[in-house]
Amino acid sequence: MKIGDLAVLIKGILEGDDGIDVTSLSGISTARVGDLTFAVDENKLSQAEKSQSSCVLTTPSMRISSKPLIRVNNPKLAFLISYRILYSEEPNTSFIHPSAAVASSVKFGNNVYIGAQVSIERHVTIGDNVIIEGGCVIKENCFIGASCHLYPRVVLYQNSILKDNVILHAGVVVGCDGFGYVKDQGVIYKFPQLGKVIIEENVEIGANTSIDRGSLDDTVIGANSKIDNLCHIAHNVKIGRNVIMAAQCGIAGGTVIGDDVTMSGQIAVIDNVTIGRNTTIGGQSGIIGNIDEGAVLWGSPAKPLAQAKKQMAVLSWLTKNFSSLTKMVREKA
Amino acid sequence: MKIGDLAVLIKGILEGDDGIDVTSLSGISTARVGDLTFAVDENKLSQAEKSQSSCVLTTPSMRISSKPLIRVNNPKLAFLISYRILYSEEPNTSFIHPSAAVASSVKFGNNVYIGAQVSIERHVTIGDNVIIEGGCVIKENCFIGASCHLYPRVVLYQNSILKDNVILHAGVVVGCDGFGYVKDQGVIYKFPQLGKVIIEENVEIGANTSIDRGSLDDTVIGANSKIDNLCHIAHNVKIGRNVIMAAQCGIAGGTVIGDDVTMSGQIAVIDNVTIGRNTTIGGQSGIIGNIDEGAVLWGSPAKPLAQAKKQMAVLSWLTKNFSSLTKMVREKA
Amino acid sequence: MKIGDLAVLIKGILEGDDGIDVTSLSGISTARVGDLTFAVDENKLSQAEKSQSSCVLTTPSMRISSKPLIRVNNPKLAFLISYRILYSEEPNTSFIHPSAAVASSVKFGNNVYIGAQVSIERHVTIGDNVIIEGGCVIKENCFIGASCHLYPRVVLYQNSILKDNVILHAGVVVGCDGFGYVKDQGVIYKFPQLGKVIIEENVEIGANTSIDRGSLDDTVIGANSKIDNLCHIAHNVKIGRNVIMAAQCGIAGGTVIGDDVTMSGQIAVIDNVTIGRNTTIGGQSGIIGNIDEGAVLWGSPAKPLAQAKKQMAVLSWLTKNFSSLTKMVREKA
C-alpha cells in the first residue's frame, strides 16, 4: 500500500513522498524497509529516524523529520488501525482440511477455514469468514457467529453460542460442567449442568481459560469484554460489557460483574455477589461481598484502595515502634 | 417417561395425573412443556406454576397446586436423581470414529465410544461404557475403568490409572512430569519422574486441571473427590476421599489431604504437609504447615477463621485510631 | 547394563559383584529385582537392603552392606545421571504417524518422531531427535531445535523458536497473543501482537502453561529455566537463565526476571518491573515494584522475609493484647 493511500484511510496528514510503499508493521527496534512504525515522543522519533522503517506515525506537535511521517492525534491507535487495514485475517475462500472430521449436518457460511484435525459434531452452525484452527473440537448444536477466530485446540461443549467477532485463544474451554454438587448424608451427588455459555460480540479470551456452562441458567460474557489467559469463569456468571480481566482471575458461580469493570491478575471473586459498573480491582484481591459502582479496591479481602494502603502503612509503623508499644502495654498492666 | 413412574422411582408422592409425560429437566425460568423442574419455597412454586413445566418437585410442606407435583424431602436431590434416570449418558453400542488412531494392542470393553481425532497408544485397557471424546490422547499402558467419561482433549500420560466412573473435563492433563530438579554446582538437573497417577472411583476433575505423576511414589486422588478447573496437583500428592477443591488451587509435592476436606478457590498448599480430615479452608488461603483435623482456616498464611477475622478487625481499629496511637507513643518517648 | 559398567560411568566406587544387571530405576518402596535405587541415610539404606533392588547408590560414609552398593558423593544426582544413561528417550529412527497433517515445506532433521493427529504448518524447521507427541499443533514458521520433546497437545503459534533440548508438557501454549488493548473514547481496540516467543536451551515448561508472544518486541525464556504447570507469562517478559518458577505464577507484560531467581507457587508480578538476580520469593507473594539482586521476599505486597514475619508477629501480639490497647486509647481520649 502507498503511504499516501494509508494516510487518507487513517485520516492523517502525510509529510513525505506519498508513493512510498508500506507492506508491514513493526516496533522501532526491529523495523525494516517497508515497515510502518510509530513514535509518541521526540526520543522515539529519533530512534525511528535511525531505523530502516519507511514511514512513522506521530503526533501533530512533533518536529519535522527526514523520514516520511503521518501525523495523527493518537499514533498508537492509528498503528493498530493500520494493522487492521494491512492485515486482513479473514479467509477469502472456503477451506476444510481433509483431516478434519465434520458431521454432515454442519451448516457453513461463506469463506470458512477449518484447519487440520478439527472435529465438528452435528447441528453446528458456522457464520461467514470464520477461522477454526487445528485440533479444535466443536460439540453438537454450537453456534459460531461471523468472523470468529478459534485458535488451535479450542473446545466448545454442546449448545455454546459465540456471537460475531469472538476470538478464542489456544486451549480455551467453553461450556464445561460447572462445579455443582449436592451433599446428602455424606454422599456427594453431581447436580446437572443444563445451561449453556453465551459469548457476545467482540469478546477475546486468552489461552487455557475455562468458562463453565450454566447450571439451570446460562453463563454470559458481555460484548467487547477481554479475558486474559488461565482465568476461571464458573457457572451462571454474568460478565458485563467492556470488562477487562487480566490473567488467572477466578469468578465463582452466579456472580454478576457490571459493565466497564477492570480487574488485574489473580483476583478471586466469591460466588453470588454483584460487582458494580466501573469498578477497578487490584491484583490478587479477594472479593467477598457486593461491590458498589465505581469502587477502587485492593487486598484480600478487598477494601477501598486508600484504606488498604493506610492499613499497610499503619502495620509498618506499628512494627517499627513495637518495643515502645509493648512497653506501654506492660507498664499499664 | 410418565410422571407416575418417575414418582415411584424417586420415592415421591405424586399429586396430579400420573399419565403426564416428562422428557427433559430445566430450571423454572426456562421450563417448557415436558420439563420437570423443582421448587424449594412458596415463591419458587408460584414461579413454577406460571411456567410451562409439566411437573414440579417440591417438599411435603408446600401448598397444593394446580400443577402436577411430586413431593419429596429433598427436591434438589430428587431433581438430580431424576436427571440420572432420564439422561443416561452411557453409550449403548460401541463406536470408534474412523479418524481415531488406536494401537492394535488396545483392549476394549463393551459399549465404548471413541470420538474423532483421538489417539490411543499401545497396551491401554478401556472398560465397559467408557466415553472418550474428540482429540483425547491416551499414552501407553493406561487403564481406564468402566463408565469413565473423558471430555475432549484430555491427555493421559503413560501408566495412568482411572478407576470406575471418573469424569475428566476438556483439557485435563493427568500424569505429566512433576517439578523435580537437583541443583549441583549451579547446574539444574531434572530428577526422573517414575511414578504414576491413580484416580479412584467417582472422581470428577475440571477443565485444564493438571495432575503430576509421582516422582518415585504415586500421586493419588481418592474416591468421590471433586476437583474444579485449573487446579494444580503436584507429584506424590495424596488426596483423600470426598474432598471438594474449588478452582485454581495448587497443592505442592508430597502433601497429604485427608478425607472430607473442603477447599475454596485459589488456595495454595506448601509441599510435604498433612491436612487433617474434615478441614475447611477459605479462598486464597496459604497453608504453610500441618493442619489438625476439623480445622476451619482462612488467610495467607492461614489461621483459624475466628482469629483471621479478629486480626482484620484489630487492624481496622488501629488504622482508625492511628492518630491517638502515634500521639501516645510519641508522648511516651 | 552391568553395575560395574554403571559405576565407571557415574564415577562411583562399586562394592559387590560387578556382573549384576540393572535394567531400571525406582524408589525404595517399589524396587524390584533389576532396579537401581538410592539411599542418603542409614535408615533409607536399611529399607533398601530389605527391598528387592539389585544395587543401591549411597555415600562414602555409609556402612558396609550385603546389597551391592555404588558409593558416590551425591546419590540423588548419581541416580538421575543413571536414569539418563539407562533411559535414552531419543528416537533412533524417523517416524511420522500416518494421521499427522504435515505441510510439504516442513524441514525435518534426523530421527524425528511425529505422533498421531499432529498438525504442522508450512515453513516449520525441526531439528534432529525431536519428539512431537499426539495432537500437537505447530503453526507456520516455527523453529524447533535438536532433541526437543513436545508432549501431547502442545500448541506453538507462528514464528515461535525453541532452541535445543526444550521440553514442553501437555497443553502448553507458546506464542498466543498478549493482552494488549488501547482504549479510545470508551472503545477497546486490540493492539497488534507482532513479536514472537524465544525459548532457549534446556528449558522445561509444565502442563497447561501459556506464554504470550511479544507485542512489538519478543518474549524470552532464558536457558536452563524451569517453569511449572499453569503459569502465565505475558508479552515481552524476559526471563533469565536458571530461573525456577513453581506452579500458577503469573508474570505481567514487559517484566524482566534476572538469572537464578527462585519463585514458589501462585506468585503474581506486576508489569514492567525488574527482579534482580538471585532473588528468592515465597508462595502467593505479590511483586509490585523493582526488586534488588539477592532479595528474599514474602507477602502480598512482598517485603523482605524477616519483615513480613515480624509484621505477622506484631499483628498477632496486638490482637492478643487488644483489650489493653483499646483501654489505653480510650483513657487517653
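Every chain is numbered from 1 and lettered A, B, ... according to where its sequence line falls, protein lines coming before strand lines. Side-chain atoms are counted along with the backbone in the values below, which use heavy atoms only and exclude waters and symmetry mates.
When heavy atoms are compared at a cutoff of 4.5 Å, Leu194(B) approaches chain C solely by way of its side chain, counted from C-beta outward. Heavy atoms closer than 4.5 Å to chain B are found nowhere in Ser29(C), neither backbone nor side chain. Interface residue Lys190(B): backbone and side-chain heavy atoms are both found under 4.5 Å from chain C. Neither the backbone nor the side chain of Ser215(B) comes within less than 4.5 Å of any heavy atom in chain C. For Ala234(B), no part lies near chain C; criterion is any non-hydrogen pair under 4.5 Å. Interface residue Leu325(C): backbone and side-chain heavy atoms are both found under 4.5 Å from chain B. Interface remark: Val155(B) contributes backbone and side-chain atoms alike to the contact with chain C (heavy atom separation under 4.5 Å). Of the two parts of Ile267(B), only the backbone, made up of N, CA, C and O, holds a non-hydrogen atom closer than 4.5 Å to a non-hydrogen atom of chain C. Within the 4.5 angstrom heavy-atom criterion, no atom of Val174(B) approaches chain C. Ser285(B) touches chain C through its backbone: at least one of N, CA, C or O sits under 4.5 Å from a heavy atom, while the side chain does not. Only the backbone of Ile227(C) comes within less than 4.5 Å of a heavy atom in chain B; its side chain stays farther off. Only the side chain of Asn74(C) comes within less than 4.5 Å of a heavy atom in chain B; its backbone stays farther off. In this structure, chain B has no heavy atom under 4.5 Å from any part of Ser24(C). Thr326(C) touches chain B through backbone and side chain together, each having a heavy atom under 4.5 Å away. Of the atoms belonging to Leu318(B), it is side-chain heavy atoms, and not backbone ones, that fall under 4.5 Å from chain C. Interface residue Val154(B): only backbone heavy atoms are found under 4.5 Å from chain C.
Comparing Cys231(B), Gly135(B), Gly214(B), Ala252(B) by how many heavy-atom pairs each has under 4.5 Å with chain C, the most go to Cys231(B). Across Ile244(C), Thr30(C), Ile167(C), Leu315(C), the residue that shares the most heavy-atom pairs under 4.5 angstrom with chain B is Leu315(C). Among the candidates Ala100(B), Gly250(B), Gly175(B), the residue making the largest number of heavy-atom pairs closer than 4.5 Å to chain C is Gly250(B).
Salt bridge annotation for Arg153(B)-Glu133(B): absent, with no cationic side-chain nitrogen under 4.0 angstrom from a carboxylate oxygen.
For the pair Thr262(C) (side chain) and Val243(C) (backbone), a donor-acceptor distance under 3.5 Å is absent. Although no hydrogens or angles enter the test, the distance criterion places a donor-acceptor pair under 3.5 Å between the side chain of Gln117(C) and the main chain of Val118(B). Panel note: side chain Thr37(C), backbone Ser26(C); a donor-acceptor pair is recorded below 3.5 Å.
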Worksheet entry | Evaluation steps, salt bridge (Lys or Arg N to Asp or Glu O under 4.0 Å), between Arg241(C) and Asp259(C) | CA-CA 5 Å; Arg241(C) 299 164 64 92; Asp259(C) 296 345; 5.3 Å; no

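In the model, His232(B) has a side-chain atom that pairs as donor or acceptor with a side-chain atom of Asn229(C) under 3.5 Å.
Using non-hydrogen atoms only and a strict 4.5 Å limit, the part of residues 201-208 of chain C facing chain B consists of Glu204(C), Ala207(C), Asn208(C).
Applying side chain to side chain contact (heavy atoms under 4.5 Å, CB included) to Lys238(B) and the options Ile251(B), Asp217(B), Ile198(B) leaves one that passes, Asp217(B). Just one of Leu9(C), Leu36(C), Thr23(C) meets the side chain to side chain contact (heavy atoms under 4.5 Å, CB included) condition when paired with Met1(C); it is Leu9(C).
Residue Asp184(B) places its CG atom among more than 12 non-hydrogen atoms of other residues, nucleotides or ligands, all under 6.0 Å distant.
With sequence neighbours excluded, the residues forming a salt bridge (charged side-chain N to carboxylate O under 4.0 Å, His left out) with Lys196(B) are Asp218(B), listed by chain and number.
One distance of note links OG of Ser119(B) with NZ of Lys139(B); it measures 10.0 Å at 0.5 Å rounding. Annotation: the span from Ile10(C) atom CD1 to Ser82(C) atom OG amounts to 4.0 Å, rounded to 0.5 Å.
The two residues Gln284(B) and Ser300(B) have their closest heavy-atom pair at O-CB, 3.9 Å. Closest non-hydrogen pair, Leu230(C) versus Ser210(B), comes out as CD1-OG, 3.7 Å.
Lys183(B) forms no cation-pi arrangement with Tyr189(B), by the criterion of a distance under 6.0 Å to the ring centre and an angle within 45° of the ring axis.
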